[in-house]
Amino acid sequence: SPLRRLAQDSAKADGAGSFAQQLYVPPGGRVAVKVEGLPANLYVGALRYNSTLIHSDEFVLNEFAMSQGLDIICSDQFGVLSGEVVSRDSGPVSILLVPWPNDGASYPSDVLEAHGDPDGKFSFSPVRPGHYKAVAVRSGERAKFEAPFRLISALPNATDVDVAAGSGNSVKIEKVE
């Protein structure tokens, strides 16, 4: 079924941060939530539909619910990630940090990049809390990872990283792609 965008017309929040948006979604229809215009120090930390945490920005409306409620919970608590590429060939490395799981079809969305120092040490700050895959690539070969499916195919075996809000995390990457 086709996606309908919540807040398709620009909805204005009141002083308490609440807004109402009228839209028609056919029974069983999917809704996609997209939040834009947040200040740089905020991100969407969670979405709750009818008081239940949803783990995606899409959901199906419950046609039997007496009312439909969507809570958009914003946060200003970012994390920090630092680490080291410990098994690498000579030369500089770039580290790609990819939210996981990722909805990118041929290239992942929301990829962050940091450049390692001569010793392979790197740092990302600020980082939105969540689960990520970290991939180290030779800086000279970074452009090859822009090709469709190249980075996506490397992610299942990449280093798993969990970033917590308000704290620093450290990771060691053993392999260079």
Side-chain angles (χ1 to χ4, degrees), residues 3-23 25 29-62 65-85 94-117 121-137 145 151-152 154-156 158-173:
L3 295 176
R4 307 285 175 163
R5 295 208 181 271
L6 184 63
Q8 191 170 0
D9 303 319
S10 82
K12 299 291 183 195
D14 64 18
S18 295
F19 68 91
Q21 181 68 39
Q22 300 291 322
L23 67 137
V25 178
R30 296 184 69 76
V31 174
V33 179
K34 183 174 183 179
V35 178
E36 296 177 328
L38 288 176
N41 66 329
L42 292 177
Y43 63 91
V44 176
L47 296 171
R48 283 195 303 254
Y49 168 62
N50 288 347
S51 300
T52 301
L53 184 65
I54 57 175
H55 300 284
S56 171
D57 59 356
E58 297 179 12
F59 59 94
V60 176
L61 290 178
N62 177 352
M66 296 297 286
S67 66
Q68 307 290 335
L70 177 67
D71 296 315
I72 302 171
I73 299 95
C74 295
S75 178
D76 64 354
Q77 296 296 305
F78 290 87
V80 175
L81 177 68
S82 61
E84 180 180 7
V85 179
S94 293
I95 297 80
L96 306 176
L97 191 63
V98 181
W100 193 257
N102 200 289
D103 60 359
S106 63
Y107 190 80
S109 56
D110 301 323
V111 176
L112 302 174
E113 182 174 1
H115 301 286
D117 70 12
K121 293 182 177 9
F122 61 89
S123 181
F124 290 93
S125 179
V127 180
R128 182 178 165 173
H131 186 72
Y132 293 84
K133 292 283 192 167
V135 178
V137 300
F145 283 83
L151 181 54
I152 290 271
L155 293 176
T159 303
D160 286 294
V161 178
D162 288 307
V163 176
S167 67
N169 301 45
S170 183
V171 64
K172 290 190 184 293
I173 299 177

Measuring from atom [atom1] of [X] to atom [atom2] of [Y], what distance do you get when rounded to the nearest 0.5 angstrom?
X: Trp100; Y: His131; atom1: CH2; atom2: NE2; value: 8.5 Å
X: Leu53; Y: Leu47; atom1: CG; atom2: CG; value: 8.0 Å
X: Leu151; Y: Lys133; atom1: CG; atom2: NZ; value: 12.0 Å
X: Ser75; Y: Tyr43; atom1: OG; atom2: OH; value: 3.5 Å
X: Arg48; Y: Ile54; atom1: CZ; atom2: CD1; value: 10.5 Å
X: Leu81; Y: Ser123; atom1: CG; atom2: OG; value: 7.0 Å

Would you find a donor on one side and an acceptor on the other, under 3.5 Å apart, between the side chain of [X] and the backbone of [Y]?
X: Arg128; Y: Ala165; answer: no
X: Tyr132; Y: Leu96; answer: no
X: Asn50; Y: Gly69; answer: yes
X: Lys121; Y: Gly116; answer: no
X: Gln68; Y: Asn62; answer: yes
X: Asn169; Y: Gly79; answer: no

Shortest non-hydrogen contact between [X] and [Y], atoms and distance:
X: Val163; Y: Val80; answer: CG1-N, 4.4 Å
X: Ala136; Y: Val85; answer: CB-CG2, 3.9 Å
X: His115; Y: Ser94; answer: ND1-OG, 3.2 Å
X: Ala134; Y: Ala158; answer: O-CB, 3.4 Å
X: Phe124; Y: Ile95; answer: CZ-O, 3.5 Å
X: Gly83; Y: Ser170; answer: CA-OG, 4.4 Å

Exercise for review: Might you work through the side chain to side chain contact (heavy atoms under 4.5 Å, CB included) test for Val33 and Phe59, ending with a clear yes or no?
Suggested key: CA-CA 9 Å; Val33 179; Phe59 59 94; 3.6 Å; yes
Check your understanding: Please walk me through it: do Val98 and Asp110 pass side chain to side chain contact (heavy atoms under 4.5 Å, CB included)?
Key -> CA-CA 7 Å; Val98 181; Asp110 301 323; over 6 Å; no
Review point. Within a strict 4.5 Å, meaning less than it, do heavy atoms of the Phe122 and Leu97 side chains meet?
Key: no
Review point. Do the non-hydrogen side-chain atoms of Val135 and Leu155 ever get within less than 4.5 Å of each other?
Key: yes
